[in-house]
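All values below come from the heavy atoms of this structure, side chains included, with hydrogens, waters and symmetry mates left out. Lettering of chains follows the sequences in order, A, B, ..., and the numbering in each one begins at 1.
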There are 2 protein chains.
Amino acid sequence: MKDNIKVARTLNQIQIAVIDLINTKGLSKITVRDITSAAKINRGTFYLHFKDKFDLIDQYEANILEKLTETFKKYTPLLPRSESEIEQLSLEALTYLNSERRLLRALLSENGDPVFTNKIKHMLQYVLRETLIKQKELMVKKSAIPAKYAQEMALDSIVGLVIFWILEDEPDSVKEVAQIITRTRFMAPVDLLGLAINSKR
Amino acid sequence: MKDNIKVARTLNQIQIAVIDLINTKGLSKITVRDITSAAKINRGTFYLHFKDKFDLIDQYEANILEKLTETFKKYTPLLPRSESEIEQLSLEALTYLNSERRLLRALLSENGDPVFTNKIKHMLQYVLRETLIKQKELMVKKSAIPAKYAQEMALDSIVGLVIFWILEDEPDSVKEVAQIITRTRFMAPVDLLGLAINSKR
DNA sequence: AGCAAAATCAACACAGTGTTGATTTGAAAA
DNA sequence: TTTTCAAATCAACACTGTGTTGATTTTGCT
């Protein structure tokens with residue numbers, strides 16, 4: 001049996017310290033010493049749980065990505081076939097993200113781990129690819145631009161939107177954002193921006 | 001007078017070494033020692049030109065961003081009012097980026113500097129904000145979603161597209177991509193992907 | 001109360017950093 | 001060609017952070 005209570009307390013102190021340190025001095029400048037002294041634990045103890053600073057961040061991120069993947073799996077085989085299905089899935093994913101807002105804000109901020117965004121993108125890409133294979137019949141129309149670009153942009157815009165929401169100081173509600181995500185799937189950038197651009201050449 | 005030739009040769013050797021090292025071992029794991037030994041210069045010489053590894057990368061990136069900003073300034077006051085103006089600006093910007101493809105590929109790859117993407121976004125945001133102020137009359141329609149989200153997504157999708165293109169092994173021509181960018185401004189994600197999604201709830 | 005896991009502590013070699021002062025090299029002006 | 005001076009080389013320095021060690025103490029659990 002592990003002394004789970006002891007471990008849990010230590011890991012807790014570490015996470016609180018790390019979030020605080022990311023926000024104050026930035027992840028890249030944090031040392032293991034910083035973490036352990038802020039968490040008021042022995043430096044050796046840190047190495048009992050983590051290989052190094054990057055391993056620590058990896059564990060946090062992997063945990064979040066895993067939970068998020070499960071949410072998506074619940075909706076497989078997607079893609080969703082209707083607006084309301086898109087909205088429902090968005091709602092569930094956003095609700096989970098919101099529950100981890102403190103950690104996510106730190107990791108996704110300028111002071112955080114700039115690689116995390118890429119990991120999120122790759123996870124989503126993997127999930128989408130899995131389901132797209134089973135859903136080829138959905139692809140009925142030919143797009144005006146190569147699929148690779150379309151996929152990349154769809155992914156970037158949605159990931160960008162969610163991260164933007166996470167980083168807001170007074171974020172809109174989960175429900176509002178789920179609706180916004182749904183709407184944006186059906187609107188062009190020019191229309192989203194409300195611009196009047198002459199589409200004649 | 002500076003021994004410009006000497007300096008230029010040194011800086012050249014360093015850049016070649018850095019690009020190579022980023023591609024092989026990744027920017028985060030590169031030491032100043034690695035750079036100087038690969039460039040076959042004395043370690044002290046490095047510090048004659050750069051404060052540290054990050055200063056070096058900053059200089060490369062700042063240089064690229066500056067050139068890119070100039071290109072955009074040539075088109076001020078934009079925003080462009082027609083498709084052809086969008087395409088022309090895209091063409092010019094892409095042509096410059098293409099001329100720096102080797103360095104950009106390294107910096108923007110998984111092994112590169114994950115912060116660079118953010119810097120590009122911020123630069124574009126600044127340029128757009130500058131011009132949007134002067135072009136308020138362009139904003140005629142009310143968008144269905146808050147402007148902040150629309151702007152973020154438009155930015156993310158276009159930056160994502162360009163970076164995707166930079167990282168391709170056999171990239172499409174500058175002209176093709178300029179056309180693609182232009183088209184995407186007027187199309188919704190669902191249409192870009194060619195999906196048949198039921199928009200009824 | 002007694003066991004075992006977890007945390008503490010001091011000490012270690014090591015790698016990379018950034019800086020120094022003295023010396024050599026070499027491109028270009030006189 | 002010779003002179004000159006900025007640039008590059010070189011060896012040595014103190015310093016910081018790392019990751020690991022073995023011995024010891026603490027503390028939750030049964």
Worksheet item: Given atom CZ of A:Phe46 and atom P of C:dA7, what is their separation to the nearest angstrom?
Response: 13 Å
Fill in: A:Lys6 NZ - D:dT27 C1' separation (whole Å)
4 Å
Worksheet item: Does the side chain of B:Glu176 come under 3.5 Å of the side chain of B:Ser173 through a donor N or O and an acceptor N or O?
Response: yes
Fill in: Pair A:Arg43 + A:Asp34: basic N to acidic O under 4.0 Å
no
Response to the item:
Separation of C:dG16 atom C1' from B:Phe54 atom CZ, nearest Å, is 12 Å
Worksheet, complete the sentence: Separation of D:dG17 atom P from A:Lys51 atom NZ, nearest Å, is 19 Å
Worksheet item: Is it true that A:Lys74 and A:Glu92 make a salt bridge, defined as a side-chain N closer than 4.0 Å to a carboxylate O?
Response: yes
Discussion item. Just N and O in the side chain of A:His49: are any of them under 4.0 Å from OP1 or OP2 of C:dA6?
Written reply: no
Worksheet item: Looking at residues 11-43 of chain A, who's got a heavy atom less than 4.0 Å off DNA chain C?
Response: A:Ile41, A:Asn42, A:Arg43
Worksheet item: Hey, is A:Lys121 close enough to A:Glu152 for a salt bridge, meaning N to O under 4.0 Å?
Response: yes
Worksheet item: To the nearest Å, how far apart are A:Asn4 CG and D:dC29 P?
Response: 8 Å
Worksheet item: Roughly how many Å is it from CZ in A:Arg9 to C1' in C:dA7, rounded to a whole number?
Response: 9 Å
Fill in: B:Ile166 and B:Asn98: CA distance, side-chain angles, deciding distance, side chain to side chain contact (heavy atoms under 4.5 Å, CB included) verdict
CA-CA 8 Å; B:Ile166 288 286; B:Asn98 205 38; 5.7 Å; no
Discussion item. Can you tell me if A:Thr10 touches the phosphate of C:dA7, counting only side-chain N or O atoms and a distance under 4.0 Å to OP1 or OP2?
Written reply: yes
Discussion item. Can you tell me which nucleotide in D:dA7, C:dA5, C:dG18 comes closest to the side chain of B:Leu48?
Written reply: D:dA7
Worksheet entry | Chi angles and distances behind the side-chain hydrogen bond (donor to acceptor under 3.5 Å, both in side chains) call for B:Asp172, A:Tyr149 | CA-CA 11 Å; B:Asp172 295 327; A:Tyr149 294 123; 2.7 Å; yes
Practice prompt. May I ask you to verify if any side-chain N or O of B:Tyr47 is less than 4.0 angstrom from the OP1 or OP2 atom of C:dG18?
Written response: yes
Worksheet, complete the sentence: Winner on side-chain proximity to A:Val7, out of D:dT9, C:dA7, C:dA27, is C:dA7
Worksheet, complete the sentence: Residues passing the ring pair (Phe, Tyr, Trp, His ring centres under 6.0 Å) test with B:Tyr60, sequence neighbours excluded, are none
Response to the item:
Between CZ of B:Phe50 and P of C:dG18 the distance, given in whole Å, is 14 Å
